[in-house]
2 protein chains.
Amino acid sequence: MNKHILEQFLTDLKPLGLPLMKGEHLFFQGDQVENFYYLKTGKIKLIRNTIEGGQALIHVALAGESFAEASLFSSEYHCSAIAVSTSEIMRYKKSDLLVYLEQKPAAMKGLLKMFAQQVRDLRTVNEIKNIRSAKERVLTFISHEMNEDKELYLSMPLKDVAYKIGLTHETFYRELKKLEQARKLQRRDGFLKLL
Amino acid sequence: MNKHILEQFLTDLKPLGLPLMKGEHLFFQGDQVENFYYLKTGKIKLIRNTIEGGQALIHVALAGESFAEASLFSSEYHCSAIAVSTSEIMRYKKSDLLVYLEQKPAAMKGLLKMFAQQVRDLRTVNEIKNIRSAKERVLTFISHEMNEDKELYLSMPLKDVAYKIGLTHETFYRELKKLEQARKLQRRDGFLKLL
DNA sequence: ATTGATATATGATTCAAATCATATGCGGTG
DNA sequence: CACCGCATATGATTTGAATCATATATCAAT
């Protein structure tokens, strides 16, 4: 969905294709923001170095997504971007993009809408993380993300889903199994289906 | 900070003043979105009715903030707004605002920037909620919110802060006390100061 | 001033998720 | 093919935050 919005209003600007090897850094936390990126194919992990020296997963950008959008208005990145798998990036010069948006209200409105969606999604995850029970947490997450057929396509490893909703992967695996055994959930390949 | 941005680009539109008594609803979850609101004075709580019948605090809007920004692009509210204290609201007709933004790129850019900041703030809270240790969670939160003097003005009750970072208020009180006793934190009136 | 509601505070106990450990499966790579 | 790294999976144990209970302080309203 983000894909269409972005492709729509970025067509007039000539982006630069940029291949990225697995494990390669696109930018580092603290780097000056000179470009705006759009992920064509692959997967990009955004991590932030915490005070205690740890690393926190902030977001996993998937094919068709832009990422680190907030950096459009800040001079330096507040997180690092690392390719989880071999990826293809579209690169736009930040200054060009800002000028372009200023001249094309429809484009800016599209971006605004995308940001609004982001805010809502983040609030949803935030709310989910306040649910104490792992079981309820998992069920609530699936309910929010599933389609009309009550199916959820997993665009990332279960491990990352666990992190996203604030559970350890061990607990997440166990809860999935329990739900499956209780006939409340069905699993096949990359899908979860609520019953 | 949000205050200045909004006041700047909403000046040309004539808003409608709207007094709100404590406990009064501004809108209900599911209502059609016809207006965009800006909180002049007071405090507004945004709550969402969860599936299990519970209520989740999504956000506490303070004086000078706009809220439920995401609703600008959706037909109905996904949360309810209730005045925590007697408040004064500025009301803009949604359709008017959208037209206005389309005609004034600078205004839209301002809004875009505000949304970007929202996204970053939400990601920060998200990250904080993944910290298991209550002590580290509290410390990390304060570190992120404090000013240059390492002081944090509490614009909401400790209870709400606890909820914001995903702790029960009991645990939060206890951790504050422990940090105080360990001389890592100082408390006076509505301030927390890291030592 | 009295009342009522809510925030703050703290103790005792429980329990469920984190942690630690270990094993298997699986996809990519030389 | 064989190896490696990582995801998935599951068991045993621990622990610390949630829960339950109760008390006091504070603030708002009448």
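Letters go in sequence order (proteins before strands), and every chain restarts at 1.
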Which comes earlier along DNA chain D counting from the 5' end, the contact point of A:T171 or that of B:G166, where each point is its nearest nucleotide?
A:T171
Could you tell me whether a side-chain N or O of B:D160 sits under 3.5 Å from a main-chain N or O of B:P157, the two making a donor and an acceptor?
no
Can you tell me how far C1' of C:dT8 sits from CD of B:E180, to the nearest Å?
13 Å
Given C:dT8, D:dA21, D:dT8, the nucleotide with the shortest approach to the side chain of A:K159
D:dT8
Check the distance between C:dA18's C1' and B:N130's CG and give it to me in whole angstrom.
13 Å
B:L167 side, atom CG; B:I131 side, atom CD1 - distance, nearest 0.5 Å
10.0 Å
Which nucleotide, C:dT8, D:dA9, D:dA29, lies nearest any side-chain atom of B:Y173?
C:dT8
Taking only residues two or more places apart in sequence or in another chain, which ones pass side chain to side chain donor-acceptor pair (under 3.5 Å) with B:E175?
B:K178
Nucleotide C:dT10, atom C1' - distance to CZ of B:F172 in whole Å
16 Å
What orientation do B:F28 and B:H25 show, parallel under 30°, tilted 30 to 60°, or perpendicular over 60°?
parallel
State whether B:K177 places a side-chain N or O below 4.0 Å from either non-bridging phosphate oxygen (OP1 or OP2) of C:dA9.
no
Between P on C:dA18 and NZ on B:K129, what's the gap in Å once rounded to a whole number?
15 Å
If you look at every strand shown and take non-hydrogen atoms under 4.0 Å, does A:G23 touch a base, only sugar-phosphate, or nothing?
nothing
Could one point to a donor on the side chain of B:R174 or the base of D:dG16 with an acceptor on the other under 3.5 Å away?
no
Determine the sole option in A:R123, A:K129, A:K164 for which the side chain to side chain donor-acceptor pair (under 3.5 Å) test with B:N126 is passed.
A:K129
Rounded distance [0.5 Å steps], CG in B:L192 versus CE in B:M146
11.5 Å
Measure OH/A:Y163 against P/D:dT8 and give the value in whole Å, please.
17 Å
Check the phosphate of C:dA18 against B:R132, side-chain N and O only, distance under 4.0 Å to OP1 or OP2. Yes or no?
yes
Spacing of A:L154 atom CG relative to D:dA7 atom P, expressed in whole Å:
14 Å
The helix from C:dA1-D:dT30 to C:dG30-D:dC1: angle between its terminal axes, five pairs each, to 10°?
60°
Quick one: B:D189 CG to D:dA25 C1', roughly how many Å, whole number?
16 Å
Counting neighbours of NZ on A:K193 that are heavy atoms of other residues, nucleotides or ligands and sit closer than 6.0 Å, is the number greater than 12?
yes
Contacts of type salt bridge (Lys or Arg N to Asp or Glu O under 4.0 Å), residue B:K93, not counting sequence neighbours
none
Could you tell me whether the phosphate oxygens of C:dA9, OP1 or OP2, come under 4.0 Å of any side-chain nitrogen or oxygen in B:R187?
yes
Does a side-chain N or O from A:T168 land closer than 4.0 Å to OP1 or OP2 of C:dA17, or not?
no
What nucleotide, of D:dT8, D:dC20, C:dA9, holds the atom closest to the side chain of B:E170?
D:dC20
Rounded off to whole Å, could you give me the NZ-to-C1' distance for the B:K45 and C:dA7 pair?
13 Å
Among the nucleotides C:dT8, D:dA18, C:dA17, whichever has the atom closest to the side chain of B:L158 is C:dT8
